[in-house]
There are 2 protein chains.
Amino acid sequence: MARAPQKADARARLLDAALMLIRSKGYSATTVDELCAAAGVTKGAFFHHFKSKHALGVAAAEHWSQMTGALFAAAPYHTLPDPLERVLGYVEFRKALLQGELPEFTCLVGTMVQETYQSVPALREACALSISNHAATLVDDIQAAMESRGLTPAWTAQSLALHTQAVLQGAFILAKANGGAKVAADSIDHLYRYLQMLFQPQAEQHRG
Amino acid sequence: MARAPQKADARARLLDAALMLIRSKGYSATTVDELCAAAGVTKGAFFHHFKSKHALGVAAAEHWSQMTGALFAAAPYHTLPDPLERVLGYVEFRKALLQGELPEFTCLVGTMVQETYQSVPALREACALSISNHAATLVDDIQAAMESRGLTPAWTAQSLALHTQAVLQGAFILAKANGGAKVAADSIDHLYRYLQMLFQPQAEQHRG
DNA sequence: CAGAACATACCAACCGGTCGGTATTTTCGT
DNA sequence: ACGAAAATACCGACCGGTTGGTATGTTCTG
């Protein structure tokens with residue numbers, strides 16, 4: 001019979017606490033004591049599982065990559081027949097995720113990298129990897145959409161995939177500044193429109 | 001005869017130091033002692049001019065608004081005859097600003113708001129004001145461009161102006177993650193292309 | 001001399017991290 | 001199958017340094 005008060009192990013609870021706390025207050029302002037209190041573990045447990053706070057940050061970035069990787073891998077847009085529809089479906093999916101409070105749908109690694117890109121190289125690299133790996137999941141569909149439309153544009157599938165991430169990261173910043181997700185949804189709509197126009201340059205615009 | 005080592009007053013030097021330090025390490029990780037050392041003033045001077053660190057943050061956001069406001073007001077794209085050219089000129093100008101090291105061209109308020117939007121309301125508001133005031137400088141030109149082309153789109157000039165800021169903020173995050181400005185420049189190119197297509201929907205695409 | 005602009009000394013709270021210790025599980029020779 | 005040994009998981013008091021902030025001067029300026 002397992003102990004009642006804590007079902008998951010301390011490490012997993014610390015990582016989950018880190019996701020919410022860091023997205024709420026940032027990496028630097030989140031203290032080890034707060035993490036421990038939120039996870040219901042002691043400081044001894046913290047430094048048993050992570051050799052330092054920075055190591056927790058790196059592990060949190062990797063945990064984030066795994067969680068989001070699973071979420072997007074299971075998303076329904078992958079079953080769409082046309083590659084362009086899958087790309088547009090991804091953007092729609094991102095917009096649909098704008099639910100709840102800001103710390104619940106904003107990006108952990110986008111927050112962390114802003115604070116640590118100069119001072120904690122290992123954390124910067126972990127965040128960069130998380131973003132570029134996620135962007136990479138779009139490249140094949142973008143490339144296939146380009147080929148199916150016979151496009152030979154000045155831009156690359158890779159740069160367009162990264163641009164989608166830039167729009168999303170920026171949309172989160174505006175949402176934090178505004179205190180609401182509306183502005184982020186509007187920006188994602190612009191991204192959606194851009195993708196439509198890129199791949200259907202001669203089609204008439206939809207209105208309303 | 002004024003003292004040789006310090007020409008400007010302590011307040012101005014503290015604000016200038018805040019711009020660089022906060023953009024380098026974030027708001028929370030920047031300490032009052034570091035600010036004082038970088039500005040060449042003592043702690044007594046700091047708390048003489050700012051009643052708290054948060055107050056320095058708010059003042060830095062306002063200082064940032066004034067500096068960037070002057071920079072963009074004096075930029076050459078304002079003299080272009082066509083409103084769309086002015087909007088595109090703004091985006092080109094933003095791309096041209098991607099010079100030097102990351103802390104020199106990234107956005108102060110975008111960095112600060114990520115860390116403080118939940119914990120320091122006054123700072124969040126100051127950052128939001130800085131961003132929305134800057135975006136507002138684009139709205140008239142966008143509106144004029146819409147009218148001159150007879151566009152009655154589903155989007156508003158306001159939302160498009162905010163979208164440009166989202167792209168820029170997101171481009172900075174990607175640049176910080178990647179350790180270079182190249183990815184930011186690519187994303188700004190996508191933004192430029194979007195604006196071109198929005199206002200010239202039937203024109204043929206340029207290639208190469 | 002009045003008051004703004006600084007400087008110096010100091011403080012309590014808090015920070016990340018360490019340390020010696022205990023409880024639990026796993027390993028493994030017999 | 002069994003128990004010793006070793007590894008793992010966890011605890012919480014403690015540490016030295018740092019934090020934002022204060023109290024009390026001193027100096028410069030009009």
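Naming: A, B, ... by sequence-line order, numbering from 1 per chain.
- Looking at the side chain of B:K43, the nearest of the listed nucleotides D:dC10, D:dG21, D:dT19 is D:dG21.
- The CG atom of B:L14 sits 14 Å away from the P atom of D:dG21 (whole-angstrom rounding).
- Checking D:dC11, D:dG20, D:dA13 against the side-chain heavy atoms of B:F47 singles out D:dG20 as nearest.
- Per the geometry, CG belonging to B:L56 stands 15 Å off P belonging to D:dT19, to the nearest Å.
- Taking a 6.0 Å sphere around CD of B:E101, one finds it holds 12 or fewer heavy atoms contributed by other residues, nucleotides or ligands.
- The aromatic ring centroids of B:H134 and B:Y90 lie less than 6.0 Å from each other.
- Regarding A:F46, its CZ atom lies at a distance of 18 Å from the C1' atom of D:dA13, rounded to whole Å.
- What separates CG of B:L35 from C1' of D:dT19 is a distance of 13 Å, to the nearest Å.
- A:D33 places its CG atom 7 Å from the P atom of C:dG16, with the value rounded to the nearest Å.
- By the 6.0 Å and 45° rule, B:K53 stacks over the aromatic ring of B:Y27.
- One interatomic measurement links the two molecules: CZ of B:R11 to C1' of C:dA4, which rounds to 14 Å at whole-angstrom precision.
- At least one donor-acceptor pair under 3.5 Å links the side chain of B:R86 to the backbone N or O of B:P81.
- Between A:K25 and B:Q118, the side chains place no donor N or O within less than 3.5 Å of an acceptor N or O (distance only, hydrogens not considered).
- Rounded to whole Å, the distance from NE2 on A:H49 to C1' on D:dA7 is 14 Å.
- Comparing atom distances between the A:S52 side chain and each of C:dG17, C:dA7, C:dC15 picks out C:dG17 as nearest.
- Side-chain proximity of B:A45 to D:dC10, D:dT19, C:dC6: nearest is C:dC6.
- Closest to the B:T42 side chain, of the nucleotides D:dT19, D:dC11, C:dA7, is C:dA7.
- For D:dG21, its base never sits under 3.5 Å from the side chain of B:K53 at any donor and acceptor pair.
- Of the candidate nucleotides D:dT19, C:dA5, C:dA7, C:dA5 has the atom nearest to the side chain of B:H48.
- Atom NE2 in A:H54 sits about 10 Å away from atom P in C:dG16, given to the nearest Å.
- Residue-level contact check: A:T30 touches the backbone only, with heavy atoms under 4.0 Å from sugar-phosphate atoms and none from bases.
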